[in-house]
Amino acid sequence: MQEDRRSKPTNFIEEIVEEDLRTSKYEGRVHTRFPPEPNGYLHIGHAKAICIDFGIALKYNGLCNLRFDDTNPTREEQQYIDSIKEDIRWLGFDWKDREYYASDYYGQLYDWAIDLIKKGKAYVDDLSAEQIREYRGTLTAPGRDSPFRSRTIEENLELFTRMRKGEFPDGSKVLRAKIDMSAGNMNMRDPVMYRILRATHHRTGDEWCIYPTYDWAHGQSDSIEGITHSLCSLEFEDHRPLYDWFLDNLGVHHPQQIEFSRLNLSYTITSTRKLRKLVEEGFVKGWDDPRMPTLAGMRRRGYPPESIRNFCEGIGVAKAESVIEIAKLEHFVRDYMNRNAPRVMGVLRPLKVVIDNYPEGKTEELDAVNNPEDESMGTRKVPFSRVLYIEQDDFREEPPPKYYRLAPGREVRLRYAYFVKCVDVKKNKDGKAVELRCTYDPKTRGGDSPDGRKVKATLHWVSAPDAIDAGVRLYDRLFTRGAPDEVDGEGKDFRANVNPRSLEVLSGCKLEPSLSTARVGSRYQFERLGYFCVDPESTERSLVFNRTVSLRDTWAKIEKAQRG
RNA sequence: UGGGGCGUCGUCUAGUGGCAGGACACAGGAUUUUGGAUCCUGGCGCGGAGGUUCGACUCCUCCCGCCCCAGCCA
């Protein structure tokens, strides 16, 4: 009955879920989970998974758990747990009180391991890691049975119990599932379930010296939590037979694993391991560096969570491997910001302008629209005076073709203010323009000429005596190649493709005074320049802005084409 | 030469035997007090070959290409 009102499935996973709902496969329940390993910060790839896991639950009136897949104490840390929770909440999802840990289930997992041993389906193996590898065979050649494969149930029970008690050194024994050493699927060649590892776990401390592997922990955790649909990425596809094997041989609740293709973004890396390298080797300043594709970095950069969600919805869910163009992400950011970010004027690279015929000491308060896309955002006053700043790039002594902005003898509009005409240029020794002298037309107040005279350009500006100083950080893509893992030379890796000009730090930028109350995290459109966000490094005395993304820039394209 | 997947505009993605649609990108135009936004227009695609069918992106066969798997990582 409810189904009728539901929108059509938008991807193959929703189709499966709806089919399961129709056939009451899980008594009409939908219960998913997001299972991050707390070994790094969440990135845009995780965002896709989060949107799918939580999104499916939301759409079908189900639940989505947060479960930390913490089975490897050597690389997991509490700080990552904290950041992951913060980032999921920021993205806009809520797991309520369903915060779980695979380590919560160590006891149950141990009991189930005993169960499998008793069923003759698991055994303790004394082979070394290297020997196990040799015995496993290759992709094309079958493996061989370990000499310890035929131990009696009693012996296995005793050995495994002693493993748990800490009677054997690290790495000396493992517990393996007894499946099929000749299976075409390598995962079925007697996979390891437990390894001996004396490491302090961030939650269980030193309680355990044996730790379950992913394969042994994951499906069983899903089962314990009553998960119905266990969604994961493609590389786990050939783990599914093992996932099924454990659950079937245990005879417990059996969720369905469904795999989808993970997100790849051009000019971006989405590998926790590689991102950690960028952090640890100082290519960026931290996990939350605004150039990082981490949620923390994107948040600091100014990406609205809504835009990331819209992006994830916009790219779809499928099994084909793909690389999404970064332009698509930027589109969703601009789309959201255009509708929501208040407009403001700021000059990044100031060029002084003196209005010769404007009275000295006079200041006017001009009306400016806060957002032309949303009248309800109202208007504000912007001060105008005789001395102003405009953008250096908005003046050319010798304007190229199609350049509409200011040049000697040219008239342009100052947004919300007056038409001004350039009458003189003062230059320094190097011939660089350092000050413009202009005249204004008092009859054009507000920006319209009563005689119907047109100008081709409208410039943003800031009143010099009223301006506040700020620092601005401009970001470019972190990598110079669309596919950062593609490298020319031998022995090189993605690090060779890091863009040395990914960060440009500007100081002495001039902003309109209304920004003096801007709070950390606030997002604005600097008219004609782009969207900017107040960085946490801002202080009361000095604001720092991050450019989230530039505006679409038609002139830049024309100019680029002109240069050839 | 083992097992598991995947191939639809430049990039994503819809399609479930009946005119191949959408988004982004790109190109052109209209409009504009942001060279923004908006609107219009345009080009561009079913990996290949056979077969079944009145009709095939869809079903069958073969071929080609790409990805994943030989951690006591997840």
Side-chain angles (χ1 to χ4, degrees), chain A residues 10-11 15 35-37 39 69-72 74-76 125 127-129 132-134 136-143 170-176 182-189 191-197 210-211 213-215 217-218 232-241 259 261 266 272-273 314-332 334-335 338-339 343 345 368-369 372-373 402-405 413-417 419 444 446-448 454-460 482 525-530 550-559:
Chain A
T10 62
N11 60 57
E15 272 173 25
E37 182 189 11
N39 68 338
D69 231 328
D70 56 350
T71 55
N72 186 349
T74 61
R75 3 192 270 177
E76 294 153 8
D125 195 349
L127 254 28
S128 69
I132 286 182
R133 193 182 327 123
E134 283 164 19
R136 187 154 31 222
T138 68
L139 293 179
T140 50
D170 284 12
S172 60
K173 286 180 169 38
V174 292
L175 184 72
R176 292 228 253 172
S182 65
N185 183 342
M186 302 292 281
N187 294 303
M188 301 301 269
R189 321 242 264 227
V192 171
M193 296 166 63
Y194 276 100
R195 68 273 207 186
I196 302 174
L197 186 60
I210 57 171
Y211 288 95
T213 56
Y214 163 85
D215 285 305
H218 194 85
C232 62
S233 45
L234 250 30
E235 66 267 30
F236 294 102
E237 212 149 16
D238 46 16
H239 288 246
R240 184 164 15 103
E259 311 84 12
S261 65
S266 65
T272 305
R273 204 193 90 242
I315 58 175
V317 181
K319 294 194 72 159
E321 283 183 75
S322 58
V323 181
I324 313 278
E325 290 175 346
I326 191 84
K328 190 129 183 169
L329 212 209
E330 292 177 344
H331 161 77
F332 282 99
R334 291 192 183 105
D335 177 62
N338 178 49
R339 286 177 283 116
R343 315 284 128 121
M345 289 198 287
V369 173
E373 306 294 319
K402 299 269 185 67
Y403 185 87
Y404 302 150
R405 285 112 95 148
R413 172 170 39 234
L414 296 181
R415 177 139 235 221
Y416 300 126
F419 285 13
T444 57
D448 281 310
K454 298 287 182 201
V455 289
K456 295 201 84 169
T458 301
L459 310 187
H460 62 277
Q525 183 196 100
F526 288 8
E527 292 217 28
R528 302 209 305 135
L529 296 175
S550 66
L551 251 25
R552 283 185 62 217
D553 191 346
T554 310
W555 166 245
K557 270 182 201 167
I558 295 169
E559 202 178 24

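Below, chain A is the first sequence line, B the second, and so on; all start at residue 1.
Remark: Asp553(A) does not engage Lys557(A) in a salt bridge, criterion side-chain N to carboxylate O under 4.0 Å. The pair Glu37(A)-Arg75(A) meets the salt-bridge criterion, since a charged nitrogen lies less than 4.0 angstrom from a carboxylate oxygen.
Checking the phosphate oxygens (OP1, OP2) of C73(B), a side-chain nitrogen or oxygen of Arg195(A) falls inside 4.0 Å. For U34(B), the OP1/OP2 oxygens have no side-chain nitrogen or oxygen of Arg343(A) closer than 4.0 Å. A sub-4.0 Å separation between OP1 or OP2 of G4(B) and a side-chain N or O of Lys319(A) is absent. Under 4.0 angstrom from either OP1 or OP2 of C72(B) there lies at least one side-chain N or O belonging to Arg136(A). Here Thr213(A) does not reach the OP1 or OP2 of C73(B): none of its side-chain N or O atoms lies under 4.0 Å away. Side-chain nitrogen and oxygen atoms of Ser322(A) include none within less than 4.0 Å of the OP1 or OP2 phosphate oxygen of U11(B). Contact between the side-chain N/O atoms of Arg415(A) and the OP1/OP2 oxygens of G36(B) is not found at any separation under 4.0 Å. Under 4.0 angstrom from either OP1 or OP2 of U34(B) there lies no side-chain N or O belonging to His460(A). Applying the 4.0 Å criterion to OP1 and OP2 of U38(B), one finds that Arg334(A) has every side-chain N and O outside that range.
In this entry U11(B) has A23(B) as its Watson-Crick or G-U wobble partner, both defining distances falling under 3.5 Å. If you check U1(B) for Watson-Crick or wobble pairing at under 3.5 angstrom, you find it has no partner at all. Under the Watson-Crick and G-U wobble criteria, each requiring two contacts below 3.5 Å, nucleotide G17(B) is left unpaired. Nucleotide U31(B) forms a pair with no other nucleotide shown, judged by Watson-Crick or G-U wobble geometry with both contacts under 3.5 Å. A37(B): no Watson-Crick or G-U partner with both key distances under 3.5 Å is found in any strand. Look at U61(B): its Watson-Crick or wobble partner, with both distances under 3.5 angstrom, is A49(B). G55(B) is unpaired under the criterion used here, namely a Watson-Crick or G-U wobble arrangement in which both key atom distances are under 3.5 Å.
Residue contacts for Gln525(A): at a heavy-atom cut-off of 4.0 Å it reaches a base atom on one of the strands shown. No engagement by Val455(A) is indicated, since no non-hydrogen atom pair under 4.0 Å with the nucleic acid exists. Residue contacts shown for Tyr403(A) include a base, since a base heavy atom lies under 4.0 Å away. Heavy atoms of Asp448(A) sit under 4.0 angstrom from at least one base atom. In this structure, Ala129(A) reaches the bases: a heavy-atom distance under 4.0 Å links it to at least one base atom across the strands shown. As judged by a 4.0 angstrom heavy-atom cut-off over every strand, Ile558(A) is placed among the base-contacting residues. Using a 4.0 Å heavy-atom cutoff across all strands shown, Thr554(A) reaches sugar-phosphate atoms only and no base atom. Nucleic acid contact for Lys557(A): sugar-phosphate only, since backbone atoms but no base atoms lie under 4.0 Å from a heavy atom of the residue. At a threshold of 4.0 angstrom between heavy atoms, the contacts of Glu527(A) include nucleobase atoms, whether or not backbone atoms are also involved. Here Ser261(A) lies out of heavy-atom contact (under 4.0 Å) with every strand. The residue Val369(A) sits apart from the nucleic acid: no heavy atom pair falls under 4.0 Å.
Straight-line distance between the C1' atoms of G7(B) and C63(B): roughly 14 Å, to the nearest whole Å.
Side-chain atoms of Thr138(A) come within 3.5 Å of backbone atoms of Ala141(A) as a donor-acceptor pair (strictly under, hydrogens ignored).
Using a 4.5 Å heavy-atom cutoff, the side chains of Leu234(A) and Glu321(A) are in contact. Counting only heavy atoms from C-beta outward, the side chains of Met193(A) and Asp215(A) never approach each other to under 4.5 Å.
For the pair Ile324(A) CD1 and A23(B) P, the computed distance is 16 Å after rounding to whole Å. Taking atom CG of Asp215(A) as the reference point, atom C1' of A70(B) lies 14 Å away to the nearest angstrom. Rounded to an integer number of Å, the gap from Glu321(A) CD to C66(B) C1' is 8 Å. The distance from atom CD1 of Ile315(A) to atom P of G22(B) is 21 Å, rounded to the nearest whole Å. Atom CE in Met186(A) sits about 15 Å away from atom C1' in C72(B), given to the nearest Å. Between the CG atom of Asn72(A) and the P atom of G71(B) there is a distance of 16 Å, given to the nearest Å.
Annotation: Trp555(A) is in aromatic contact with Tyr403(A) [ring centroid separation under 6.0 Å].
For G35(B), its base sits under 3.5 Å from the side chain of Arg405(A) at one donor and acceptor pair at least. Taking 3.5 Å as the limit, the base of G35(B) and the side chain of Asp553(A) contain no donor-acceptor pair of atoms between them. In terms of polar N and O atoms assigned as donor or acceptor, the side chain of Lys328(A) comes within less than 3.5 Å of the base of A23(B) in a complementary pairing. If you check distances only, the side chain of Glu373(A) does reach the base of G36(B) with a donor-acceptor pair under 3.5 Å.
Side-chain atoms of Asn72(A) and Thr74(A) include a donor-acceptor pair closer than 3.5 Å. Between the side chains of Arg528(A) and His460(A), at least one donor N or O lies within less than 3.5 Å of an accepting N or O.
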- Check against salt bridge (charged side-chain N to carboxylate O under 4.0 Å, His left out), Lys402(A) and Glu559(A): CA-CA 9 Å; Lys402(A) 299 269 185 67; Glu559(A) 202 178 24; over 6 Å; no
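Checking U34(B), A25(B), G2(B) against every side-chain atom of Glu325(A), the shortest atom distance belongs to A25(B). Considering only side-chain atoms of Leu139(A), the nucleotide from G2(B), C72(B), U34(B) that sits closest is G2(B). Here the nucleotide nearest the side chain of Phe236(A), chosen from A74(B), U34(B), G4(B), is A74(B). Distances from the side chain of Ala318(A) to the nucleotides G35(B), A74(B), U13(B) place U13(B) closest.
Glycosidic conformation, G50(B): anti, with the torsion outside 90° of 0.
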